[in-house]
Amino acid sequence: MSSDETSRNDTPEGYDPRAVQDTWSARWAELRPFRADESDDARERRYALDMFPYPSGDLHMGHAEAFAIGDVRARFWFQRGYDVLHPIGWDSFGLPAENAAIKRDSHPAEWTYANIETQAASFQRYAPSFDWSRRLHTSDPEYYRWTQWLFLRFYERGLAYRKGGQVNWCPNDQTVLANEQVVGGHCERCGWLVEKRVLTQWYFRITDYADRLLDDMDQLEDGWPERVLLMQRNWIGRSTGADVDFVIEGRDAPVTVYTTRPDTLFGATFMVVAADAPLAEEIVAPEQRAAFEAYRDEVSRESEIERMSAEREKTGVFLGRYAVNPVNGERIPVWASDYVLAEYGHGAIMAVPAHDQRDLDFALKFDLPVRVVVETGGPDPVQSGVATPGEGTIVNSGPIEGLTKTDAIPRIIEVLEERGTGKAAVNFRLRDWLVSRQRFWGCPIPIVHCAACGEVPVPDEELPVKLPADLKGADLAPKGTSPLAAAEAWVNVACPKCGGAAQRDTDTMDTFVDSSWYYFRYCSPQYTDGPFDPEAVRRWMPVDQYTGGVEHAILHLLYSRFFTKVLYDLGMIDFTEPFLRLLNQGQVVNGGKAMSKSLGNGVDLGEQIDEFGVDVVRLAMLFAGPPEDDIDWADVSPQGMAKFLSRLHRVAAEVTSEPGTAPAGGDVALRRVTHRTIAEVTTLVDSDRFNVAIARLMELVTATRRAIDGGAGPADPAVREAAETATLILSLFAPYTAEDAWDRLGRRAPVATAGWPSADPALLVQESVTCVVQVAGKVRDRLEVAPDIDAADLERQALASPKIKDALAGADIAKVIVRAPKIVNIVPRR
RNA sequence: GCGGGCGUGGCGAAAUGGCAUACGCGGCAGGUUUAGGUCCUGUUGGUGGAGACACCGUGGGGGUUCGAGUCCCCCCGCCCGCACCA
């Protein structure tokens with residue numbers, strides 16, 4: 001006892017969480033324990049993927065959390081003996097590199113690759129279980145060659161195309177943006193207010209895949225967070241209804257409108273055309289033209305934010321024309337307004353003010369008629385100013401009179417189809433993906449524009465179209481058109497088709513194109529006959545777990561799903577969803593707020609590691625709470641984590657039995673704790689509950705400490721078993737300490753692949769369990785009983801308890817509920 | 001406005017409908033120490049009680065159940081997503 005006291009009072013000899021790092025990282029570099037094995041087909045395979053970083057500087061606290069979480073998953077699979085693919089790479093095209101190059105009068109590659117080296121070195125220290133041999137960078141010609149190759153396959157299938165039209169424009173970044181990159185009217189990247197411009201741009205026809213992107217979500221129901229699926233569903237925004245043709249007086253072709261409520265067609269009292277739609281311009285009557293143009297110009301000047309505000313009062317102008325309702329021949333006025341969107345549906349609507357709030361607001365503002373055609377039991381819309389969009393009985397509606405909405409919709413569609421004035425229709429909120437960017441540091445679009453031949457794809461064998469090396473510094477300054485246009489020698493080429501003078505397309509691709517397929521490339525990063533080796537992809541994909549931030553819920557994840565479906569259609573792969581499980585880690589904040597320079601609350605990862613060591617930072621990240629929750633760094637205690645690590649290390653160092661000592665015959669109570677911990681931690685890690693798994697590990701260490709200090713002593717084989725188990729579990733969370741403890745236990749590195757312990761079922765059976773005896777739901781006694789005690793026996797024992805007799809105080813018993821062996825509840829008659 | 005999620009000690013958080021608050025931080029007390037720190041032990045939801053113990057307690061109200069933090073309904077608060085998508 002006294003010797004234990006002494007050793008516990010000493011500073012833990014030789015153990016310093018920071019000191020072990022250099023030793024072991026050098027050793028691991030020799031051992032390379034995390035190489036994915038291509039040769040072994042017998043082992044189960046797993047693909048653990050982390051969202052690859054953008055090389056904006058050094059790694060930060062957010063990376064530390066995300067990669068710690070992804071690494072627990074990968075290390076768990078390594079320990080279980082699976083053949084694991086856990087790669088790393090860099091999403092290395094993008095604007096910040098360009099801005100840095102302008103500032104430093106250098107080439108974006110310099111900044112980019114210097115940052116990559118910085119991050120790679122930090123990763124080496126942070127020690128995720130990466131297979132470094134598969135490292136890739138999307139800005140390498142060896143990579144973007146295949147991005148271009150894929151673009152051309154899209155092009156051949158009509159999935160990449162150019163069109164003119166209104167696009168989102170970021171005035172700060174001086175480039176166009178995809179719809180997905182406009183968040184609340186602002187640029188997703190830089191936060192500037194987005195403007196509209198009319199430009200000709202490249203698009204990917206993602207709308208062709210809208211139905212499949214929705215329907216295939218069934219495959220993800222169990223593996224993806226519900227809210228991400230929901231966000232994607234909302235983003236795609238499928239709605240069903242009908243297209244209805246309205247004749248416009250004095251125009252040959254009818255105008256089609258889309259409605260989800262064809263059952264309210266008899267209540268349509270006017271029509272509204274989007275003010276910025278060509279249709280409005282075309283049909284406006286001469287006497288209204290001046291008023292219309294004034295209105296339209298006013299609308300085009302207002303910001304997206306103003307326009308989107310639903311609170312705002314409705315505005316509009318009468319176009320001086322009338323449409324004819326196809327079901328009742330009624331003549332209704334046609335107006336133009338900005339509350340109708342040119343890009344959705346047909347850019348024109350039938351307005352049913354009684355049953356749609358927006359239409360009602362408009363009708364009341366401009367004194368247009370309102371007709372109730374659904375009796376909902378609600379108040380009169382004109383009197384109350386509140387539309388009644390709910391269910392009810394259809395009235396004033398000819399062939400659908402008296403029906404409910406559910407019955408009326410198919411019936412009225414039948415009527416429209418018989419008359420040839422309408423049909424059932426589906427609409428999506430999703431727009432095609434705008435992929436061209438007027439920036440330098442991206443993947444060039446492999447198309448040549450020829451005066452004679454038009455758009456001509458660069459032949460596959462001429463790929464990659466490399467970025468010109470001679471542009472740098474001020475050449476890259478944003479000017480609204482691509483800086484690549486300045487590289488004349490690069491731009492001017494012979495047309496691949498006719499050989500005549502032609503020009504390269506000077507736009508580059510959205511960097512989200514690069515990141516839409518990198519996880520395929522990881523399967524065979526050296527492959528030169530295509531973007532990936534189909535054999536390797538069959539081996540590793542789809543990804544078993546994808547770890548990353550929720551900020552990509554619609555952008556990257558939707559695009560990647562789209563790419564995967566196109567690759568499937570190209571016959572290159574045989575699955576349709578790339579990521580089976582998705583884990584979105586929370587954010588690391590400080591003092592309740594996101595870390596930022598302006599708040600001065602940033603926490604530097606490098607400094608934290610210098611002060612506490614990698615293992616402390618990793619453990620703190622994992623123990624702070626569930627991985628999906630935000631971590632407030634102000635609330636975590638690195639000192640507490642350090643204390644635990646040294647407790648565990650000391651326990652391992654104190655074990656005196658020889659490695660390989662059989663645990664049988666050791667302290668049974670400790671062995672039970674060990675095996676229960678194995679069973680629980682296995683389940684907990686499987687279900688991403690790392691914080692609870694670490695809590696169980698702490699309990700095991702405490703139990704081992706007590707066994708060493710108490711009866712069993714440091715030589716007991718059960719103590720070795722417990723210490724080895726704790727070390728193996730720790731290897732998922734704190735690899736350096738685990739390795740050093742493993743070494744102290746006389747075992748050989750690496751602990752990372754030493755094998756996951758398995759729980760002995762015999763030791764999971766409790767000798768006795770505590771049964772709670774309640775009277776009227778309140779605990780009045782506890783009994784130690786055999787775990788397999790039968791209900792009748794347990795009931796007898798419970799009723800015989802003196803405490804229970806006291807609590808009952810002679811009352812009659814109405815009922816006894818027995819759930820052997822855990823609980824007995826005795827209900828007295830009242 | 002629509003959709004979704006969440007409200008548990010001083011704090012981060014645990015809890016297949018079955019002992020609420022595991023584990024950790026912080027606090028308190030003690031041990032070790034020249035001292036401090038490290039380390040070790042104990043204790044720590046509230047109220048009352050010297051104590052055994054009793055009562056109350058998971059945002060508020062109601063319900064289902066022998067039994068509710070957990071399931072259902074209403075309300076309050078916070079967070080997230082979408083936001084004139086016809």
Side-chain angles (χ1 to χ4, degrees), chain A residues 4-12 183-185 225-235 237-239 241 257-261 264 268 272 274 307-312 314 337-341 343-352 355-359 361-362 389 427-431 550 553-554 619-620 623-626 628-632 634-644 646-647 650 689 691-699 701-702 705-706 709 770-782 814-819 822-828:
Chain A
D4 292 329
E5 293 293 334
T6 314
S7 80
R8 272 186 280 124
N9 291 331
D10 284 347
T11 324
V183 179
E226 189 51 44
R227 65 170 170 156
V228 174
L229 295 176
L230 207 75
M231 282 165 76
Q232 292 214 0
R233 284 199 180 96
N234 291 340
W235 186 260
R238 178 162 63 193
S239 77
V257 302
Y258 172 73
T259 177
T260 54
R261 292 296 301 278
T264 63
V272 187
R307 206 191 63 72
M308 285 197 315
S309 162
E311 320 294 282
R312 208 187 56 153
K314 292 281 180 286
S337 174
D338 64 349
Y339 86 92
V340 173
L341 307 176
E343 323 88 70
Y344 186 76
H346 305 281
I349 62 155
M350 66 176 211
V352 185
H355 308 297
D356 182 286
Q357 190 60 49
R358 297 154 301 180
D359 296 345
D361 293 343
F362 195 83
N427 247 297
F428 296 93
R429 215 188 84 111
L430 183 71
R431 298 292 132 73
V550 74
I554 21 196
L619 198 66
F623 185 62
E628 302 83 359
D629 289 6
D630 287 352
I631 295 173
D632 194 333
D635 291 333
V636 313
S637 166
Q639 291 83 0
M641 297 301 98
K643 188 166 129 185
F644 167 69
S646 82
R647 270 163 62 86
R650 202 170 329 112
R689 288 147 74 208
N691 56 327
V692 188
I694 293 166
R696 295 291 166 266
L697 173 61
M698 288 171 168
E699 289 172 300
V701 171
T702 300
R705 174 81 266 153
R706 295 213 164 114
D709 296 345
T770 305
C771 176
V772 172
V773 186
Q774 303 177 329
V775 174
K778 291 205 157 91
V779 181
R780 298 299 179 186
D781 198 10
R782 293 180 172 80
K815 202 174 195 179
V816 179
I817 287 97
V818 182
R819 293 283 176 274
K822 304 234 353 170
I823 198 159
V824 177
N825 189 12
I826 300 164
V827 186

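Chain letters run A, B, ... following the sequence lines, proteins first, then strands; residues in each count from 1. All values reported here derive from a predicted model rather than from experimental measurement.
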Phosphate OP1/OP2 of B:C82 contacted by A:Arg227 side-chain N/O (<4.0 Å): no
Might you point out which heavy atoms bring A:Ala553 and A:Met231 nearest each other, and give the distance in Å? CB-CE, 3.6 Å
A:Asn234 CG to B:A83 P, straight-line distance once rounded to whole Å: 9 Å
Distance between the C1' atoms of B:U41 and B:G48, in whole angstroms? 29 Å
Between B:A20 and B:A68, how far apart are the P atoms? Round to whole Å, please. 11 Å
Given A:Met350 and A:Asp359, is the side-chain contact (heavy atoms from CB on, under 4.5 Å) satisfied, shown in steps? CA-CA 9 Å; A:Met350 66 176 211; A:Asp359 296 345; over 6 Å; no
Quick one: sort the A:Tyr258 and A:Tyr344 rings into parallel, tilted or perpendicular, breaks at 30° and 60°. perpendicular
Pairing partner of B:G30 (Watson-Crick or G-U wobble, both distances under 3.5 Å): B:C40
Could you check whether A:Arg780 gets within reach of a base, just the sugar-phosphate, or nothing at all, counting any heavy atom under 4.0 Å? sugar-phosphate
Side chain of A:Tyr344 only, please: which of B:C84, B:C23, B:A86 is the nearest? B:A86
B:C66 OP1/OP2 closer than 4.0 Å to side-chain N/O of A:Lys778: no
B:A22 pairs with which nucleotide, Watson-Crick or G-U wobble, both distances below 3.5 Å? none
Under 3.5 Å, is there any donor-acceptor pair linking the side chain of A:Lys643 to the base of B:C39? no
Roughly how far apart, to the nearest Å, are B:G45 and B:G9 at atom P? 13 Å
Could you tell me how far B:C74 sits from B:G24 if I compare only their C1' atoms? Round to whole Å. 38 Å
How would you list, by chain and number, every residue that makes a ring pair (Phe, Tyr, Trp, His ring centres under 6.0 Å) with A:Phe623, sequence neighbours excluded? none
P spacing across the pair B:G63 / B:C11, given as an integer number of angstrom: 31 Å
For a quick check, with a 4.0 angstrom heavy-atom cut-off, what is the B/S/- contact string for nucleotides 7-20 of chain B, read 5' to 3'? ----SBSSS--BB-
If you pin A:Ala695 and A:Gly237 to their nearest nucleotides in RNA chain B, which one's is more 5'? A:Ala695
Among residues at least two apart in sequence or on other chains, which ones pass side-chain contact (heavy atoms from CB on, under 4.5 Å) with A:Lys778? A:Arg780
B:G62 and B:G27, which share atom name C1', separated by this distance in whole Å: 39 Å
Which nucleotide, if any, forms a Watson-Crick or G-U wobble pair with B:A54, using both distances under 3.5 Å? B:U47
Residues in side-chain contact (heavy atoms from CB on, under 4.5 Å) contact with A:Ile823, at least two apart in sequence or another chain: A:Val772, A:Gln774, A:Arg819
Nucleotide opposite B:U64 in a Watson-Crick or G-U pair, distances under 3.5 Å: none
Scanning all shown strands, the Watson-Crick or wobble mate of B:C2 with both distances under 3.5 Å is B:G81
When the nearest nucleotide of RNA chain B is assigned to A:Glu343 and to A:Glu226 on a heavy-atom basis, which residue is associated with the more 5' position? A:Glu226
Rounded to whole angstrom units, what separation is found between the CG atom of A:Leu230 and the C1' atom of B:G5? 10 Å
Send over the distance from A:Leu229 CG to B:G5 P, rounded to a whole Å. 13 Å
Pick base, sugar-phosphate or nothing for A:Arg238, based on heavy-atom distances below 4.0 Å to the nucleic acid. nothing
Hey, is B:G30 sitting syn or anti, using the within-90° cutoff around 0? anti
Sorted by chain and number, sequence neighbours left out, salt bridge (charged side-chain N to carboxylate O under 4.0 Å, His left out) with A:Arg782 holds for none
Roughly how many Å apart are B:G69 and B:C6, using the C1' atom of each and rounding to a whole number? 13 Å
Could you tell me how far B:G46 sits from B:A52 if I compare only their P atoms? Round to whole Å. 15 Å
In this structure, how many angstroms lie between the P atom of B:A83 and the CG atom of A:Asp361, rounded? 20 Å
Categorize A:Ser239 for me: base, sugar-phosphate, or nothing, with a 4.0 angstrom heavy-atom threshold over every strand shown. sugar-phosphate
Can you see whether A:Arg429 engages A:Ser239 through a side-chain donor-acceptor pair at a distance of less than 3.5 angstrom? no
Kindly say if A:Tyr339 contacts the phosphate of B:A86, meaning a side-chain N or O under 4.0 Å from OP1 or OP2. no
Residues passing the salt bridge (charged side-chain N to carboxylate O under 4.0 Å, His left out) test with A:Asp356, sequence neighbours excluded, are A:Arg358
